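Quick notes on the structure that follows.
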Amino acid sequence: MTWQPHAPDWLVARPIAHRGLHDPARGIIENSLTAARRAIAKTYAIECDVQLSKDGEAIVFHDDTLTRLLGMPGEIGALATQDLVRCTYKGSSEQVATLPDFFAEIAGRTPLIVELKSRFDGDARLAARVARLAANYAGPLALKSFDPQMLHALREDGTERPLGLVAQAHYTAEDWPQLSASQRRGLEALVDFPGARPDYLSWHVGDLPHATPMLRRVQGMKIMTWTVRNAAEQALTAQWADQIIFEGFEP
């Protein structure tokens, strides 16, 4: 490697609750403030996702579309912040949160890892907004994305937070329809890895064992795996990585 990864020990010190410690059967929805509070109460770190609203705010939400979580048609990027924060999750009384809401709720009480979602279209507005918010957050915070261009944009915006690349061994046309075949091959080969200069790697647990996390770990890069859903996957992770991102059980 031609750069020195900057990944503090707190990044992998605790198991990381995937989209917070959610439990939809109890009305505790992924990426909600309640899911964050539950993770904090159990001393877990938290991972969340952010999408860009129509008016440029970072919204804590995983999907591009509103159907699965809100029962509404349309895309999240078509709605303004004031409309999104009035939306109530299906099966819950809780409303959608902005990243500033999330920051205010967590307030440095546990490490937070924010994944920037991307359409791989070169739009860097979400990176710019997250970088501005991150600059004023006092707690342990790391950022990551599947899109290496997001890491480039975050660095250009001057963020000093640890930056991670989310990656896996295979990108299929079915799961990644927004990507061309050449883009999928490039992500599989990590061709943008040197330019993105990630501080840590977030790797798909279903692709273990694999040479990539092994080599990066030997080179001193911290590795976390996603999404670990049982004790067997947790044990597999322990052989290849430093920490798990989990859901559906408690480690």
Side-chain angles (χ1 to χ4, degrees), residues 1-19 45 47-49 62 111-120 127 141-155 159 161-248 251:
M1 293 189 299
T2 59
W3 74 98
Q4 182 62 45
H6 170 64
D9 291 342
W10 57 254
L11 183 69
V12 293
R14 311 178 193 180
I16 304 159
H18 186 231
R19 306 178 196 169
E47 186 242 27
C48 74
D49 307 284
H62 176 270
L112 175 63
I113 301 162
V114 176
E115 179 181 335
L116 284 70
K117 308 306 287 186
S118 172
R119 289 167 175 77
F120 293 84
L141 172 67
L143 310 173
K144 66 178 184 176
S145 182
F146 274 99
D147 186 351
Q149 295 306 312
M150 282 289 192
L151 305 193
H152 283 286
L154 288 165
R155 291 195 188 281
T159 185
R161 303 291 184 166
L163 302 181
L165 184 66
V166 191
Q168 57 193 66
H170 306 288
Y171 293 77
T172 66
E174 180 181 3
D175 291 335
W176 298 87
Q178 73 274 42
L179 299 178
S180 67
S182 62
Q183 284 177 307
R184 294 195 301 274
R185 288 193 299 270
L187 289 172
E188 290 172 354
L190 295 179
V191 296
D192 291 323
F193 201 91
R197 295 181 291 124
D199 297 304
Y200 65 97
L201 183 65
S202 185
W203 187 259
H204 184 211
V205 69
D207 290 332
L208 292 177
H210 193 276
T212 294
M214 180 184 70
L215 290 172
R216 299 305 173 189
R217 197 177 187 191
V218 166
Q219 292 168 323
M221 179 170 285
K222 289 182 170 61
I223 311 292
M224 58 183 68
T225 58
W226 55 274
T227 302
V228 173
R229 293 184 169 88
N230 54 57
E233 290 181 342
Q234 182 181 8
L236 178 64
T237 293
Q239 301 175 53
W240 293 87
D242 303 293
Q243 192 51 269
I244 63 171
I245 303 171
F246 73 92
E247 73 172 27

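Keep in mind that the numbers below use all heavy atoms, side chains included, and drop hydrogens, waters and symmetry copies. Just so we're clear, the structure is a prediction, and the values are computed from it rather than from any experiment.
- Between Trp203 and His210, the ring-plane angle classifies as tilted under the 30° and 60° cut-offs.
- When every heavy atom of Gly164 is checked against every heavy atom of Leu151, the shortest pair comes out as O-CD2, 3.5 Å.
- Side-chain contact between Leu165 and Pro148: present, with at least one pair of heavy atoms (C-beta onward) separated by less than 4.5 Å.
- Nearest heavy atom pair, residue Glu174 against residue Pro177, reads O-CD, 3.6 Å.
- Considering only residues two or more places apart in sequence or on other chains, Asn230 meets the side-chain contact (heavy atoms from CB on, under 4.5 Å) condition with Ala232, Glu233.
- The two residues Val205 and Leu236 have their closest heavy-atom pair at O-CD2, 4.1 Å.
- Taking Asp9 as the reference, Lys222 meet the salt bridge (Lys or Arg N to Asp or Glu O under 4.0 Å) condition, with sequence neighbours excluded.
- Within the model, atoms NZ of Lys144 and CD1 of Ile245 stand 3.5 Å from one another, a figure rounded to the nearest 0.5 Å.
- What you find for Ala169 and Glu188 is that their closest heavy atoms are O-CG, 3.3 Å.
- Considering only residues two or more places apart in sequence or on other chains, His170 meets the side chain to side chain donor-acceptor pair (under 3.5 Å) condition with none of them.
- Among residues two or more places apart in sequence or in another chain, the ring pair (Phe, Tyr, Trp, His ring centres under 6.0 Å) test is passed with His6 by none.
- No donor-acceptor pair under 3.5 Å is formed between the side chain of Gln149 and the backbone N or O of Phe120.
- Between the CH2 atom of Trp176 and the CG atom of Leu187 there is a distance of 7.5 Å, given to the nearest 0.5 Å.
- The structure places CH2 of Trp240 at 11.5 Å from CD1 of Ile223, a figure rounded to the nearest 0.5 Å.
- Nearest heavy-atom pair, Ala142 versus Trp10, reported as atom, atom and distance to 0.1 Å: N-CH2, 3.9 Å.
- Atom CD1 in Ile16 sits 10.5 Å away from atom NE2 in His18 (nearest 0.5 Å).
- Under the side chain to side chain donor-acceptor pair (under 3.5 Å) criterion, Arg184 pairs with no residue at all, not counting sequence neighbours.
- Residues Thr237 and Thr225 bring a donor and an acceptor atom of their side chains to less than 3.5 Å of each other.
- When the salt bridge (Lys or Arg N to Asp or Glu O under 4.0 Å) test is applied to Arg155, the partners found at least two apart in sequence or on another chain are Asp199.
- Taking 4.5 Å as the limit, some side-chain heavy atom of Arg19 sits within range of a side-chain heavy atom of Asp49.
- Under the 4.5 Å side-chain criterion, counting only non-hydrogen atoms from C-beta, Glu115 is not in contact with Cys48.
- When side chains are defined from C-beta on, Tyr200 counts as touching Met224, because their heavy atoms get closer than 4.5 Å.
- Counting only heavy atoms from C-beta outward, the side chains of Phe146 and Ser118 never approach each other to under 4.5 Å.
- Here the closest non-hydrogen pair linking Pro251 and Gln234 is CB-NE2, 3.4 Å.
- Side-chain N or O atoms of Glu247 include none that pairs as donor or acceptor with a backbone N or O of Arg229 at under 3.5 Å.
- Interatomic distance, CG of Asp207 versus CD of Gln168, reported as 6.0 Å (0.5 Å rounding).
- Using a 4.5 Å heavy-atom cutoff, the side chains of Leu163 and Pro198 are not in contact.
- Listed for the Ser145 side chain is a donor-acceptor partner under 3.5 Å among the backbone atoms of Leu116.
- Side-chain contact check for Trp226 versus His204: some heavy-atom pair is nearer than 4.5 Å.
- Annotation: the span from Met214 atom CE to Arg217 atom CZ amounts to 11.5 Å, rounded to 0.5 Å.
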